[in-house]
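What follows is a short report on a single structure.
On a predicted model such as this, the values are computed, not experimentally measured, just so you know. Numbering of residues begins at 1 and proceeds along the displayed sequence.
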Amino acid sequence: MSTDAEFADARHIPPIPPQPPRQPAPAGMPEPEGDPRTTVLRRVPAEPSAPAPGAHPVPPRPTVPPPAGAQPPSRPDRAPGAPAGPGAPTPPPPAGRPAAFRDTAAFHLANSQKLWSGSREPVAGSGPDAPPAPRHPATGPSAAPGSEPPRPAAERPPHLPWPPTAAPHPGVAPAYGAPGRPGSVRRPGPRLLGAVACLVLGIGLIGGAAAGSWLTDEADAAPPTAEAVFAKGRDVWHNTPVDRLFPRTVNGLGVGPGGADRTWTRIAVAPDGGCGHAYDPKLAAALARTGCTRLLRATYADATRSSVITVGAQITKADQPGMMALNTRFSTKSLGTRTDLLPLPYAAKGTPAEDFGRAQRASWTVRILTDIPVVVYAVSGFADARTVTEPQPAEAAVRPGVTTAPAESGLGHDAKGLADRIGTAFRKAAGSPTQTTEASS
């Protein structure tokens, strides 16, 4: 199918004038050479090429002679009944199809001109001899020859947006950047503003809580001062459960005779009260300088139920210098080794310690704690109500090679081991390190 460009180019090419019919040449004369544009190209048989060296020759195709009396086939370029032979005149080309159209290029060109003149009307001033149309300064480059001149802006069709968009619904504002409303911004509504405000407020609250928790953790991680620990130690007796101060089961790994493990089980807890009935008179007088706020006591039995131990903690009224002075007095005057300065046991009824009295005391220890206002003591004896005539301090009974009854029975190890662990429980409740120096007597 021909394009518009071919139709436009065909208008400016002058038509080829028709050629007069050719007269046949006289017999015996060769035909003159015709116009190269109307000359019919005929296929000339190629000369046979010599076979390549070493190739097998191809035998020629055998020709079959026509049967005797047969007429040769008629040629399409000759009319029926026309004389055949070299001297026969050449017939004129058929009507309506001149010989010049046999050329392919000329045929398409003429056909294009015919189609253009038959399908479209000529434009005024666009003939072959018409001058070129003036160029409009606003139309850009000149159009191709024969093309339609540019239309004025008033006659051009309106420009349609692409991609096509649907018209907005009446009463609905177009979105940001919608066609026809460039740069229009949709303002946020009150709900959106409220949601944003809540989000910002929530993030601020979460951040503040996290910062507060972090600061609290930092404050908790910092070790408390000695004054704070001492003040807290004065109130541990009513701020701490009894099972934390006097655990139900206390394990002593390697604290028994020869490094054996010891286990003590709580069998009785005494009601808290005063200190008047907990010591011998001389020990009570020695501890009276610091005062007595509360006295807490509990009794334990070893794994074999053969020994019983009473552990007590006296909460004093003294300040830290007063506790340090008391510790110095017990150390320099050896008040903890005197047999007339012994604590009294707590003999709970209906327990293995029911017969644990003054005569059954075999070993003891008194600890003056200087980081908290607490005096811890422990006294041990036999559970079968055996009388001990020579009680021995726990620090002396745990020494290697000692052959006394408290040492060989492990009563000194029981008193010392339980006093150490109950003192550690009170220090933990007050927030004090367990490595604080403690006085022993």
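Counting only heavy atoms from C-beta outward, the side chains of Leu245 and Leu296 approach each other to under 4.5 Å. In this structure, the side chains of Val366 and Phe330 come closer than 4.5 Å at one or more pairs of heavy atoms. Side-chain contact between Val375 and Met323 is present, with at least one heavy-atom pair separated by less than 4.5 Å. At a threshold of 4.5 Å between non-hydrogen side-chain atoms, the residues Trp364 and Pro393 count as touching. Between Leu326 and Leu287 the shortest side-chain heavy-atom distance falls below 4.5 Å. Contact annotation: the side chain of Pro343 approaches that of Leu283 to within less than 4.5 Å [non-hydrogen atoms, C-beta and beyond]. Here the side chains of Val250 and Tyr300 are in contact, with some heavy-atom distance below 4.5 Å. Under the 4.5 Å side-chain criterion, counting only non-hydrogen atoms from C-beta, Thr293 is not in contact with Thr316.
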- Task: Test salt bridge (Lys or Arg N to Asp or Glu O under 4.0 Å) on Glu227 and Arg234 and set out the steps.
- Result: CA-CA 11 Å; Glu227 293 78 5; Arg234 196 184 304 277; over 6 Å; no
- Task: Using the side-chain hydrogen bond (donor to acceptor under 3.5 Å, both in side chains) rule, take Thr365 and Glu395 through it: C-alpha gap first, then chi angles, then the decisive distance, then the call.
- Result: CA-CA 8 Å; Thr365 183; Glu395 284 71 18; 3.0 Å; yes
- Message: Quick one, Val398 with Lys416, criterion side chain to side chain contact (heavy atoms under 4.5 Å, CB included). Give me CA distance, side-chain angles, the key distance, then yes/no.
- Response: CA-CA 8 Å; Val398 297; Lys416 182 180 182 303; 4.2 Å; yes
- Task: Go through the steps to decide whether Gln360 and Val388 satisfy the test side chain to side chain contact (heavy atoms under 4.5 Å, CB included), and finish with yes or no.
- Result: CA-CA 6 Å; Gln360 284 74 36; Val388 180; 5.8 Å; no
- Task: Evaluate side chain to side chain contact (heavy atoms under 4.5 Å, CB included) for Gln314 paired with Tyr377, printing each intermediate quantity in order.
- Result: CA-CA 9 Å; Gln314 175 184 338; Tyr377 69 88; 5.8 Å; no
- Step by step, work out the side chain to side chain contact (heavy atoms under 4.5 Å, CB included) result for Tyr279 and Leu344. CA-CA 5 Å; Tyr279 310 110; Leu344 294 176; 5.8 Å; no
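Salt bridge present: Asp340 and Arg338 bring a charged side-chain N and a carboxylate O closer than 4.0 Å. Salt bridge status for Glu390 with Arg361: absent, with no side-chain N to carboxylate O gap under 4.0 Å.
Considering all non-hydrogen atoms of both residues, Ala429 and Lys232 come closest at O-CE, 3.5 Å. Contact record, Ser409 with Ala405: OG-O, 2.6 Å, taken as the closest heavy-atom pair. Pairing each heavy atom of Val374 with each of Ala313, the nearest pair is CG1-CB, 4.1 Å. Residues Ala430 and Ile372 approach most closely at CB-CG2, 3.8 Å, considering heavy atoms. Here the shortest heavy-atom pairing between Val402 and Ala396 reads CG2-O, 3.6 Å. The two residues Arg305 and Asp302 have their closest heavy-atom pair at N-OD1, 2.9 Å.
Every pair passing disulfide (SG to SG under 2.5 Å) that includes a residue from residues 275-329 is listed here, sequence neighbours excluded: Cys275-Cys292.
Panel note: side chain Asp261, backbone Gly254; a donor-acceptor pair is recorded below 3.5 Å. Listed for the Ser363 side chain is a donor-acceptor partner under 3.5 Å among the backbone atoms of Ala394.
Rounding to the nearest 0.5 Å places OG1 of Thr370 at 10.0 Å from CD1 of Ile368. Taking OG of Ser432 as the reference point, atom CZ of Phe230 lies at 11.0 Å (rounded to 0.5 Å). Of the inter-residue distances, the one linking Leu418 atom CG with Ile422 atom CD1 reads 6.0 Å to the nearest 0.5 angstrom. Within the model, atoms CZ of Arg294 and NZ of Lys317 stand 10.5 Å from one another, a figure rounded to the nearest 0.5 Å. Interatomic distance, NZ of Lys282 versus OG1 of Thr339, reported as 9.0 Å (0.5 Å rounding).
The closest side-chain donor-acceptor pair between Asp414 and Ser380, if any, does not fall under 3.5 angstrom. A donor atom on one side chain and an acceptor atom on the other are found under 3.5 Å apart for Gln392 and Thr404. Between the side chains of Thr310 and Thr299, at least one donor-acceptor pair of N or O atoms lies under 3.5 Å. Side-chain contact check for Ser331 and Arg329: no donor-acceptor pair (N or O, by modelled atom type) lies under 3.5 Å. In this structure, a donor-acceptor pair under 3.5 Å is absent between the side chains of Glu408 and Thr403. No side-chain donor from either of Asp420 and Thr424 sits under 3.5 Å from a side-chain acceptor of the other. Side-chain polar atoms of Trp237 and Asp272 form no donor-acceptor pair below 3.5 angstrom.
Looking at residues two or more places apart in sequence or on another chain, you find a side-chain contact (heavy atoms from CB on, under 4.5 Å) between Asp384 and Phe382, Arg386.
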Side-chain donor-acceptor distances from residues 345-355 under 3.5 Å, at least two apart:
from: Thr351; atom 1: OG1; to: Ala348; atom 2: O; distance (Å): 2.7
from: Thr351; atom 1: OG1; to: Ala353; atom 2: N; distance (Å): 3.3

